[in-house]
Amino acid sequence: MMPSTFSNPAHVAIIMDGNGRWGTDRGFDRSAGHAAGAEAVRTVVEASVAAGIGTLSLYAFSADNWQRPAGEVGGLMELFRRYLETEPVRLRDQGIRLTVIGRRDRLPFPLQAAIRLAERSTATGRQLHLRLAIDYSARATIVAAASRWGNRPLDAERFRRLLGEADRGGMVPPVDLLIRTGGERRLSDFLLWESAYAELWFTDRHWPDFGAADLAEALADYRRRDRRYGGLTAEPRAAAERAR
Ligand code: FPP
């Protein structure tokens, strides 16, 4: 069958799983895996710019991850803060706009401040919109968006705008390709609305080992997919977007 999609996805979402196992498999602790995971983030962000992806959403910390031991949570918060304090210079040079989605009020204050600064200093980037999900829950975002609207009549397009407001970074295109590393095959409350017609791609590779070649493999597989959006024939993307 002819593939319907010849171009790369506009929006890629990644559930970055397997850091902990990467660390312990090597005789280190789990936080070594998270630190290595931060390096993989740099690599994949650069590769995404090169591939012409417009929006990249990375799941860094779910609302359910607070259940982990305090030491691991604290280490992750530190890692995020360091990334957000050091990375914006490099992001700006590459034309990348960074926004953070998820709740902020439960994050340590220095991290909240780092987020605000990083968002401000990369606000003009147009090559890639990088969205980091921290203390994120798709269901909580959907509830927040719905409650902003009250009782007025609502349609899908308006709701998409509300989700953008709830996420603060503005409206984003639907997720075209959702990648999960680390061998599990579930969505774990990530971008549930946005991924309604996402193509799913799973790999057993742990996130710190995921590199440009893996992204290229996922993109090549995506381009071979026959996206029908519930119809019978492979339609050009524009027609499919209209139907949503
Ligand atoms: C899942 O692996 C990963 C996380 C909960 C943390 C994600 C964080 C990073 C990728 C590193 C830092 C990111 C930035 C943006 C600086 P896991 O710990 O659940 O691994 P496991 O399934 O092997 O236990």
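Read the numbers this way: they start at 1 and go in the same order the structure lists the ligands and their atoms.
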CA sep, side-chain torsions, deciding dist, call: N65, L76, side-chain contact (heavy atoms from CB on, under 4.5 Å): CA-CA 10 Å; N65 285 149; L76 278 168; 5.9 Å; no
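- Within a 6.0 Å radius of CZ in R139, other residues, nucleotides and ligands contribute 12 heavy atoms or fewer.
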Starting from the N and O atoms of ligand 1, collect every protein N/O partner closer than 3.5 Å and put each pair on its own line with the distance to 0.1 Å.
residue  : atom   : partner : partner atom : Å
ligand 1 : 2 (O)  : D17     : OD1          : 3.3
ligand 1 : 2 (O)  : G18     : N            : 3.3
ligand 1 : 2 (O)  : N19     : N            : 3.3
ligand 1 : 18 (O) : R30     : NH2          : 2.9
ligand 1 : 18 (O) : R68     : NH1          : 2.9
ligand 1 : 19 (O) : D17     : OD1          : 3.2
ligand 1 : 19 (O) : R68     : NH2          : 2.7
ligand 1 : 20 (O) : G18     : N            : 3.3
ligand 1 : 20 (O) : N19     : N            : 3.2
ligand 1 : 20 (O) : G20     : N            : 3.0
ligand 1 : 22 (O) : D17     : OD1          : 2.9
ligand 1 : 22 (O) : R21     : NE           : 3.4
ligand 1 : 22 (O) : R21     : NH2          : 3.0
ligand 1 : 23 (O) : G20     : N            : 3.4
ligand 1 : 23 (O) : R21     : N            : 2.7
ligand 1 : 23 (O) : R21     : NE           : 2.7
ligand 1 : 24 (O) : R30     : NH1          : 2.9
ligand 1 : 24 (O) : R30     : NH2          : 3.0

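- Applying the ring pair (Phe, Tyr, Trp, His ring centres under 6.0 Å) rule to pairs touching residues 114-152 yields Y59-Y136, Y136-F190, sequence neighbours excluded.
- Pairs engaging residues 75-122 under the ring pair (Phe, Tyr, Trp, His ring centres under 6.0 Å) rule: none recorded [sequence neighbours left out].
- Among residues two or more places apart in sequence or in another chain, the side-chain contact (heavy atoms from CB on, under 4.5 Å) test is passed with A38 by L79.
- When side chains are defined from C-beta on, I142 counts as touching L163, because their heavy atoms get closer than 4.5 Å.
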